[in-house]
Amino acid sequence: MGAIKQTFFISHGSPTLSIDESLAARRFLQGFRETVFSQRPKGVLVISAHWDTSEPSVNVVHGCHNTIHDFYGFPRPMYELKYPAPGAPELAKKVKELLKGSGFNYVYEDKKRGLDHGAWVPLMLMYPEADIPVCQLSVQSSQNGTYHYQMGRALASLKNEGYLIVGSGSATHNLRSLHESSSIDSWALQFDTWLKDALLSGRYDDIMHYEEKAPYAKTAHPWPEHFYPLHVAMGAAGEKSKAELIHHSWSLSSLSYASYKFDATD
């Protein structure tokens, strides 16, 4: 459990990722340890789009996590899935201390919250044994990309202690646009391509100001909570980190599963 040099952004797409064997993203996450990241982390910090609060919050869980089924109208077997990973109260305390030491004056501890599906669905595929401690950190959709990048910068030192930092959101996320189709909607393709080009060329400032820089930004993300986990992962890797596209697939005409690795510089 030595120092970790990478952070990750995972597009978790639809909750059906938990059961749908036809999704390429599911196979990618199942092979994560074999093909992407073989090092066993001391714990995992997940910044999930599905925990949105007015101020940063961490879940301080002693014992095993409850599994939150925060989705509606899906097949019954999805509601029977459990991911009882142990909590990571020590990691939660470190997150709080680092954030407060970097100017985030209010950081709340939630001692009851389990793992939402933005956390447990990808983790269930990446680490199915559920034996690695997990802590969640919330996003603040009332803030902007730069704020979340700075949040990541504040947390960068956790890597040196062997903690894996994972942002879980979606490269595109417009639920009203989803429909069955053999083609990809043009706006989604343009935004997704812009995102890849900006990340791979290190234009992080453009990512922080994506609302003005990206084509179809408001269509791709009518609300920003699924994009901000990317900013945290990006910030936690360092200013001169190198981004790599580690998975790319689509579903439902406009839902991108693009996922990225950031090779850190600090």
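In what follows, residues are counted from 1 in the order of the sequence shown. Computed from a predicted model, the values in this text were never measured in an experiment. Hydrogens, waters and symmetry mates play no part in the numbers below; they use all other heavy atoms, side chains included.
- Taking the six-membered ring where the residue is Trp, the centroids of His226 and His221 are separated by 6.0 Å or more.
- Using a 4.5 Å heavy-atom cutoff, the side chains of Phe8 and Ser259 are not in contact.
- Criterion: ILVMFWY side-chain heavy atoms under 4.5 Å apart, direct or through other members. Under it, Val44 and Met126 are part of a common hydrophobic cluster.
- Looking only at atom types and distance, the side chain of Asp192 has no donor-acceptor partner in the side chain of Thr172 under 3.5 Å away.
- With 3.5 Å as the limit, one finds no donor-acceptor pair spanning the side chains of Asp110 and Ser57.
- Aromatic pair Tyr79/Phe74: centroids not less than 6.0 angstrom apart.
- Taking hydrophobic clusters as Ile, Leu, Val, Met, Phe, Trp and Tyr residues chained together by side-chain heavy-atom distances below 4.5 Å, Trp187 does not share a cluster with Tyr257.
- Ion pairing between Lys96 and Glu109 holds under the 4.0 Å rule for side-chain N and carboxylate O.
- Ring geometry for Tyr147 versus Phe104: interplanar angle over 60°, hence perpendicular rather than tilted (30 to 60°).
- For the residue pair Thr53/Gln140, the side-chain donor-acceptor check at 3.5 Å is satisfied.
- In the hydrophobic clustering of this structure, Phe227 groups with Phe262; members are Ile, Leu, Val, Met, Phe, Trp, Tyr whose side-chain heavy atoms approach within less than 4.5 Å, directly or through other members.
- The number of heavy atoms from other shown groups lying within 6.0 Å of CD (Glu212) is above 12.
- You'll find the side chain of Val95 reaches within 4.5 Å of the side chain of Leu45, heavy atoms only.
- The closest side-chain heavy-atom distance from His173 to Glu225 is below 4.5 Å.
- The line from OG of Ser168 to NE2 of His117 is 8.0 Å long, rounded to the nearest 0.5 Å.
- Side-chain contact check for Tyr204 and Ser241: at least one donor-acceptor pair (N or O, by modelled atom type) lies under 3.5 Å.
- Contact annotation: the side chain of Lys111 never approaches that of His62 to less than 4.5 Å [non-hydrogen atoms, C-beta and beyond].
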query = Going through the checks in order, is the side chain to side chain contact (heavy atoms under 4.5 Å, CB included) test met by Ile207 and Leu230?
reply = CA-CA 9 Å; Ile207 304 292; Leu230 169 68; 4.1 Å; yes
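- In this structure the side chain of Leu199 reaches within 4.5 angstrom of the side chain of Met234, judged on heavy atoms.
- Taken to the nearest 0.5 Å, the OG atom of Ser18 stands 4.0 Å off from the CE atom of Met78.
- The aromatic ring centres of His231 and Tyr149 sit 6.0 Å or more apart.
- A salt bridge links Asp206 to Arg203: at least one charged side-chain nitrogen sits closer than 4.0 Å to a carboxylate oxygen.
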task = Determine, step by step, whether Phe37 and Ile4 satisfy the side chain to side chain contact (heavy atoms under 4.5 Å, CB included) criterion, reporting the C-alpha distance in whole Å, the side-chain angles of both residues, the deciding distance to 0.1 Å, and the verdict.
result = CA-CA 10 Å; Phe37 185 75; Ile4 289 175; 3.9 Å; yes
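- Using a 3.5 Å distance cut-off with no hydrogens or angles, the side chains of Asn144 and His209 do not pair a donor with an acceptor.
- Side-chain contact between Leu99 and Leu137: present, with at least one pair of heavy atoms (C-beta onward) separated by less than 4.5 Å.
- Salt bridge annotation for Glu21-Arg27: absent, with no cationic side-chain nitrogen under 4.0 angstrom from a carboxylate oxygen.
- Following chains of ILVMFWY side-chain contacts shorter than 4.5 Å, one cannot reach Leu255 starting from Tyr260, and the two form parts of different hydrophobic clusters.
- Remark: Asp131 engages Arg40 in a salt bridge, criterion side-chain N to carboxylate O under 4.0 Å.
- The shortest distance between side-chain heavy atoms of Ser249 and Phe28 does not fall below 4.5 Å.
- Formation of a donor-acceptor pair under 3.5 Å by the Asn59 side chain with backbone atoms of Val61 is not found in this model.
- A donor-acceptor contact under 3.5 angstrom links the side chains of Ser141 and Asp52, judged on distance only.
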query = Checking side chain to side chain contact (heavy atoms under 4.5 Å, CB included) for the pair Val134/Trp120: CA distance, chi angles, key distance, verdict?
reply = CA-CA 10 Å; Val134 180; Trp120 68 261; over 6 Å; no
message = Quick one, Leu29 with Leu17, criterion side chain to side chain contact (heavy atoms under 4.5 Å, CB included). Give me CA distance, side-chain angles, the key distance, then yes/no.
response = CA-CA 10 Å; Leu29 290 171; Leu17 183 65; 3.8 Å; yes
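- Checked against His148 for a ring pair (Phe, Tyr, Trp, His ring centres under 6.0 Å), the options Tyr228, Tyr210, Phe9 give a single hit: Tyr228.
- Ion pairing between a basic and an acidic side chain is recognised when a charged N comes within 4.0 Å of a carboxylate O; Lys196 and Glu244 show no such pairing.
- By the rule that hydrophobic residues join a cluster once side-chain heavy atoms approach within less than 4.5 Å of another member, Leu195 and Leu245 end up as members of one cluster.
- Using cut-offs of 30° and 60° on the angle between ring planes, the pair His69 and Phe71 is perpendicular.
- Side-chain contact check for Ser186 and Gln190: at least one donor-acceptor pair (N or O, by modelled atom type) lies under 3.5 Å.
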